[in-house]
Structure formats: C-alpha cells, structure tokens
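Working notes, beginning with the structure itself.
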Amino acid sequence: MNKTMHIALCLLLAVPALFLPRAASWAADLTEADFALTQITDRIHVIYGPFDLPDRSNHGFRNNPVIVLTSAGAVVFDPGGSAWAGEMVVGKVRSLTRQPIVAVFNSHAHGDHWLGNEGIRRTYPDALIYGHPAMKARVEGADGRYWLELIERLTEGSAGGAQAIGPDTAVNDGDVIAIGDTRFRVYHTGPAHTDSDIMVEVVGENALLTGDVVRNGLLGIMESDASFAGNIAAIDSIVQKSFEYYIPGHGLVGGVDMARHYRSYLDTVLTTVRKLYAEQLADFEMKPMVIEAVSLYRGWAGFELRVGPHVSRAFLEVEAEEF
Ligand SMILES: [Zn+2]
C-alpha cells in the first residue's frame, strides 16, 4: 500500500473514533463565528482547532493557529489546514488589529498546519512565510500537491484550496527573526514529530509555539520521517527552558507538565517496544502490551487509531538502533 492510500485509509477508518462530541460538525458547515480567539499573553492569541478529521463541515480546519501582535503587524504561526482556515485566521487578525499580517511561520510539513498559507496570501501577498529547509523542500516536492489534494477530497471541496504554498524563507535552529519590536527564536533539534519541525519562542512573552512536537489530548501520525527518540529529546530540550506557556499544535495550552505528559507517552511507547523487542516479540504481538502500558492516554482522541502505527514506527526505530 502506498503512502497516499495508507493515510487515506487511516483517515476513513478513523472517523467514528476521532469525532469529539460536537453537534455542529454534523448539523451544518462551521463558520468563522464558531471559532473563538483565546488570549494567552498581551501579544499572543490562539484559535483552538477541533479534533475532528478534515470533512466538509470543518473545511479542513483542525489545528491551533497562533496570532502574535508586533509593532510591525501580525505574525501567524500555523495558519490552518486549508485556504478556508487561512481566510478565517485573517478575519480573526482583523478583529484584533488594523495592521496587516506581515509574516507566517509553519511548524512542519503536515498539511493541517500549512495549507492555510494560501488563505493568508490571498489578502497579504507580501507576507513572508518561514519554515525549516526540509519542510520547504517537501512542499515544493510531491508532498505539497499530495496534501492539497487529500484535504480537498476529504472536505468535498469545502477547503477552498487551489495552490500548495509552502515557506519561501528557510529558518533553522538558533535563528532569531526580528519583526517590529518582537523577536522570534527558532528551535530545531533534529527529526522529532517529523524531519521538518521548528518550534518558535516569542521572546519576552515566556511562550513557545511547539507545533506537533508537543500535543495535548490528540494523538497523530508518526511517519517514516519521525523519531520517537528525537521527539523525546526535543521535548527534553524545551522543558529545560521552563517556559510559562507551551502552545501545542493541537489541544489546550499548558505549562511544563503538559509537555512532560506527552513526552511520557512517547517514552512509554518506545521503552516498552524496546523491552519487548529484546524478548523477540513481533510488532503485532507487542500492541496489546503497549496499549496497556499507555492506558493513561486512552481518553485522548485518536488513541485507538494511532497506537498500532506508533508501535510499528517505534519497532522500526528500535530495529534500526540494533544495526
Ligand atoms: Zn503533524
């Protein structure tokens, strides 16, 4: 099975398990009014995305776009999973400031985080879009078209997208981007959730935008470019900095304990798989034991769907460690 078929099948199978109780999803198409801004600090606002998979009613919107207000204009981190979502974010920014969106950061190459670039660019064609070099290459390659077509198909065309617009400006670990009176410090610690993750500190706000390196309440895909060990190491490095606000790619904003809680999930999967690998179990034999080990996370959306593939992914990682 190729990657496209595999993901499409996973998404289809996931529908009953992943929908949170949200009547609006079934009743009618969601509008901008269905999504509220939540203020985190003086300058930072987040729009909490629903946990539902992309469908016609949600227009492909499901992540946490973050708006940072600077003296030069607004900066958006992860403007959503569709052109529709990007335009929705533009509407939210306009409710906060009369200044334009001057820049966008993309956390990684999964389409639910960056397809909104198109919606931003329709109104603000000059907004710079920052991302990791690996992400830029992925969107310019086959992944860009793949995600665009997948989301358009799953949303039955309600995502409103026509173009895969990725980053135009590459940033990497240690870069500090000054925008107006605000500085944004970029972190990349190697492959983690993907090979193209960046996390961004809003300097002076005690806040870190983590993308999917940290998640809260929703498990997601870990594909061939992911690394459990790398994701754990990435969380260790940012937890040491003790930010007040960790703003995850999905789920509620929290402190250090929230970040540690997701680390614990990843670590439990990896260490359990490593132990069972030493006992020469096959990955399908490990699955019930790993599920038992991470039963604390059973209430997270996506649990039933994702744990099996996570075991397989961790198995390959442990196998690679042996050679
Ligand atoms: Zn992701």
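Just so you know, residue 1 is the first one in the sequence shown, and it goes up from there. Note that the coordinates shown come from a computational prediction; the quantities given were computed from them, not determined experimentally.
- Using the six-membered ring where Trp is involved, F228 and H310 have ring planes that are perpendicular, over 60° apart on the 30 and 60° scheme.
- Between the side chain of S264 and the backbone N or O of R260, no donor-acceptor pair lies under 3.5 Å.
- Rounding to the nearest 0.5 Å places OG1 of T272 at 15.0 Å from NZ of K287.
- Salt bridge present: R274 and E321 bring a charged side-chain N and a carboxylate O closer than 4.0 Å.
- A distance below 6.0 Å separates the ring centres of Y297 and W300.
- Judged purely by distance below 3.5 Å, without hydrogens or angles, the side chains of N172 and D175 never pair a donor atom with an acceptor atom.
- Shown here are the side chain to side chain contact (heavy atoms under 4.5 Å, CB included) partners of T41, two or more places apart in sequence or in another chain: R43, I44, E205, Y245.
- A continuous path of ILVMFWY side-chain contacts below 4.5 Å connects L96 to M88, so both sit in one hydrophobic cluster.
- Of the possible polar contacts, one joining the S196 side chain to the A109 backbone as a donor-acceptor pair under 3.5 Å is found.
- Scanning both residues, A127 and A103, for their nearest heavy atoms gives CB-N, 4.3 Å.
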- Begin from the C-alpha positions of I198 and H108 and carry the test side-chain contact (heavy atoms from CB on, under 4.5 Å) through to its verdict. CA-CA 7 Å; I198 57 167; H108 65 296; over 6 Å; no
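- Side-chain atoms of K136 do not come within 3.5 Å of backbone N or O of Y130 as any donor-acceptor pair.
- Remark: S107 engages F77, D78, H113 in a side chain to side chain contact (heavy atoms under 4.5 Å, CB included) (not counting sequence neighbours).
- Here the closest heavy-atom approach between residue N64 and residue G251 is recorded as ND2-O, 2.8 Å.
- Not a single donor-acceptor pair under 3.5 Å links the side chain of S57 to the backbone N or O of D29.
- Taken together through direct or relayed side-chain contacts under 4.5 Å among Ile, Leu, Val, Met, Phe, Trp and Tyr, V203 and V75 form parts of separate hydrophobic clusters.
- Using a cutoff of 4.0 Å between basic side-chain nitrogens and carboxylate oxygens, R62 and D52 are not scored as salt-bridged.
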- Item | Working for side-chain contact (heavy atoms from CB on, under 4.5 Å), residues D55 and L154 | CA-CA 5 Å; D55 70 2; L154 292 172; over 6 Å; no
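- Closest heavy-atom contact between Y48 and F61: O-CE2, 4.3 Å.
- A salt bridge links R138 with D225: the distance from a Lys NZ or Arg NE/NH1/NH2 to an Asp or Glu carboxylate oxygen falls below 4.0 Å.
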- Message: For V104 and N117: C-alpha separation, side-chain torsions, deciding distance, then whether side-chain contact (heavy atoms from CB on, under 4.5 Å) applies.
- Response: CA-CA 8 Å; V104 173; N117 291 346; 3.6 Å; yes
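- Between E223 and R313, none of the side-chain N atoms (NZ, or NE/NH1/NH2) sits under 4.0 Å from a carboxylate O, so this pair counts as no salt bridge.
- Ionic pairing of R145 and E149 is present here: one or more N-O contacts between side-chain nitrogen and carboxylate oxygen are shorter than 4.0 angstrom.
- Under the side chain to side chain contact (heavy atoms under 4.5 Å, CB included) criterion, N231 pairs with A192, H193, V213, M222, I235, Y262, L266, sequence neighbours left out.
- Hydrophobic clustering, with ILVMFWY side chains joined whenever heavy atoms are under 4.5 angstrom apart, groups L209 together with L252.
- Judged by distance alone, the side chains of T194 and D197 do bring a donor and an acceptor atom under 3.5 Å apart.
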